[in-house]
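Accompanying notes for the structure given below.
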Protein chains: 2
Amino acid sequence: MNVTKALNIMKEQGFKYTAKREELLQLFSDEKRYLTAKEVLNSLQKNYPGMSVDTVYRNLAIFEEMDILEMTELEGEMHFRFSCSTTAHHHHLICLECGKTREIETCPMDWLNENVDGGFEVTGHKFEIYGMCAECKRTKQKEAAHV
Amino acid sequence: MNVTKALNIMKEQGFKYTAKREELLQLFSDEKRYLTAKEVLNSLQKNYPGMSVDTVYRNLAIFEEMDILEMTELEGEMHFRFSCSTTAHHHHLICLECGKTREIETCPMDWLNENVDGGFEVTGHKFEIYGMCAECKRTKQKEAAHV
DNA sequence: AAAACAATTAGGAATCGTTACGATTTATTG
DNA sequence: CAATAAATCGTAACGATTCCTAATTGTTTT
Ligand SMILES: [Mn+2]
Ligand SMILES: [Mn+2]
Ligand SMILES: [Zn+2]
Ligand SMILES: [Zn+2]
């Protein structure tokens with residue numbers, strides 16, 4: 001996913017172009033990681049001081065609807081990121097410090113689809129691995145060093 | 001996990017016995033499924049009309065701390081259930097209608113622990129399968145039948 | 001370019017789940 | 001029973017998200 005592609009999809013779906021929408025998309029293009037609504041708001045308010053929370057949430061929602069963004073809930077908050085370029089279904093390692101992700105090519109559902117029946121209708125699943133990325137670990141260690 | 005065992009653990013850890021705590025535990029013993037704090041509150045308020053939200057959340061928290069309850073976040077809400085009797089690490093199919101679960105004996109981490117390194121420190125993971133249990137599916141179909 | 005129309009927005013209030021608080025009550029111990 | 005610490009109530013505060021309405025803006029049509 002990238003900004004121009006996203007803007008095209010947006011147009012096709014009948015949504016209007018606004019500078020704020022472009023900049024929101026640009027933010028996700030720059031920061032290749034999960035962002036909270038608050039982080040998005042703070043970032044956009046640098047250029048648009050009056051920007052409203054409603055606008056952020058509404059646009060995050062429509063972009064998610066169009067599969068331009070993907071959302072996950074971490075620690076009680078919605079987190080958004082550009083949808084992965086990989087077309088195939090996959091999962092993520094997520095750094096809980098900075099929101100950066102790494103892809104896991106395999107999906108656990110492949111191994112147990114057979115066993116999961118008995119009248120239970122599967123509608124979705126969530127598989128995420130949490131931790132701290134190498135970069136954040138270095139940062140933490142430095143902080144701890146000069147206490 | 002069961003009520004008397006839970007009450008013992010509670011005592012050992014220096015927590016006081018209260019009738020409310022016993023009834024909260026009894027609720028989880030009866031309802032073998034995920035419950036929200038609200039459901040717990042509503043249920044206990046039948047016998048204790050003045051029961052406060054604070055009391056519910058505090059007790060859910062300490063019981064989780066003692067591994068008497070386990071918690072997961074579903075659709076933006078904390079959900080609690082009695083910890084599984086199975087000692088081994090495992091995962092769940094969860095009915096999003098009623099909170100009932102079925103166990104999945106395998107853990108996807110076993111298959112990819114080898115590949116997950118590269119400086120990323122894993123601290124946790126979440127694997128849950130969502131859907132509708134056979135019972136809830138029947139209920140829904142009946143409802144749909146006489147519209 | 002102006003008018004018409006629908007989509008978008010700001011700003012703030014409302015809602016929801018959860019946590020925090022001080023004053024009062026209760027369980028436990030001796 | 002008295003002393004002590006823990007538990008509770010009632011309510012307020014909180015942060016994230018949603019909802020509302022009047023004003024503004026982007027787009028399409030004349
Ligand atoms: Mn990905
Ligand atoms: Mn289980
Ligand atoms: Zn990181
Ligand atoms: Zn069910």
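In what follows, chains carry the letters A, B, and so on, assigned in the order in which the sequence lines appear, proteins first and then strands, with residues in each chain numbered from 1. Note that these values count all heavy atoms, side chains included, but never hydrogens, waters or copies made by symmetry.
Axis orientation changes by 30° from one end of the helix from C:dA1-D:dT30 to C:dG30-D:dC1 to the other, with each end axis drawn from 5 pairs and the value rounded to 10°.
Here the closest non-hydrogen pair linking A:Cys107 and A:His89 is SG-NE2, 3.3 Å. In terms of heavy-atom proximity, A:Tyr48 sits nearest to A:Ala19 at OH-CB, 3.5 Å. The heavy-atom pair separating B:Phe82 from B:Asn2 by the smallest distance is CZ-C, 4.0 Å.
Counting heavy atoms from C-beta on, the side chains of B:Met1 and B:Ile68 come closer than 4.5 Å.
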With B for base contact, S for sugar-phosphate-only contact and - for none (protein heavy atoms under 4.0 Å), nucleotides 25-30 of chain C reads --BS--
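Taking the ring centroids of A:His91 and B:His125, they lie at or beyond the 6.0 Å cut-off.
The residue from B:Asn47, B:Val3, B:Val40, B:Thr18 that alone fulfils the side chain to side chain contact (heavy atoms under 4.5 Å, CB included) condition with B:Glu23 is B:Asn47.
Atom-to-atom distance recorded for A:Leu93:CG and A:Met132:CE is 13.5 Å, nearest 0.5 angstrom.
Cluster membership check: A:Phe127 does not share its hydrophobic cluster with B:Leu74, using side-chain heavy-atom separations under 4.5 Å among Ile, Leu, Val, Met, Phe, Trp and Tyr. Hydrophobic clustering, with ILVMFWY side chains joined whenever heavy atoms are under 4.5 angstrom apart, keeps B:Ile94 apart from B:Leu35.
The main-chain N or O of A:Cys84 is found under 3.5 Å from a side-chain atom of A:Glu70 such that the two form a donor-acceptor pair. In terms of modelled atom types and a separation under 3.5 Å, the side chain of B:Lys126 and the main chain of B:Glu73 share a donor-acceptor contact. In this structure, the side chain of A:Arg33 engages the main chain of A:Cys98 through a donor-acceptor pair within 3.5 Å.
Between B:His79 and B:Tyr34, the angle of the ring planes goes over 60°, which puts this pair in the perpendicular group of the 30/60° scheme.
At C:dT18, one or more side-chain N or O atoms of B:Tyr57 fall inside 4.0 Å of OP1 or OP2 (strictly under the cut-off). Taking 4.0 angstrom as the limit, A:Arg58 places none of its side-chain polar atoms (N or O) nearer than this to OP1 or OP2 of C:dT8.
With a cutoff of under 4.0 Å to any heavy atom of chain B, the contacted region of DNA chain D is bounded 5' to 3' by D:dA5 to D:dT11.
Summary of the strand contacts: A:Val56 and B:His79 both lie near DNA chain C, and taking for each the nucleotide with the nearest heavy atom, the more 5' one is attributed to A:Val56.
Contacts of B:Lys140 classified as salt bridge (Lys or Arg N to Asp or Glu O under 4.0 Å), with partners at least two apart in sequence or in another chain: B:Glu97.
Atom CD of A:Glu73 and atom C1' of C:dT18 are 14 Å apart (whole Å). Rounded to a whole Å, the CD atom of B:Glu77 is 15 Å from the C1' atom of C:dT19. In this entry the distance linking CG of A:Leu24 with P of C:dT8 reads 14 Å, nearest Å.
Classification of A:Glu77 and A:Lys38 as a salt-bridged pair fails, no side-chain N sitting under 4.0 Å from a carboxylate O.
Around the NZ atom of A:Lys11, the shell of radius 6.0 Å holds no more than 12 heavy atoms that belong to other residues, nucleotides or ligands.
DNA chain C lies under 4.0 Å from at least one heavy atom of each of the following residues of residues 48-55 of chain A: A:Gly50, A:Met51, A:Ser52, A:Asp54, A:Thr55. Near-neighbour residues of DNA chain C inside residues 31-43 of chain A, defined by a heavy atom below 4.0 Å, are absent.
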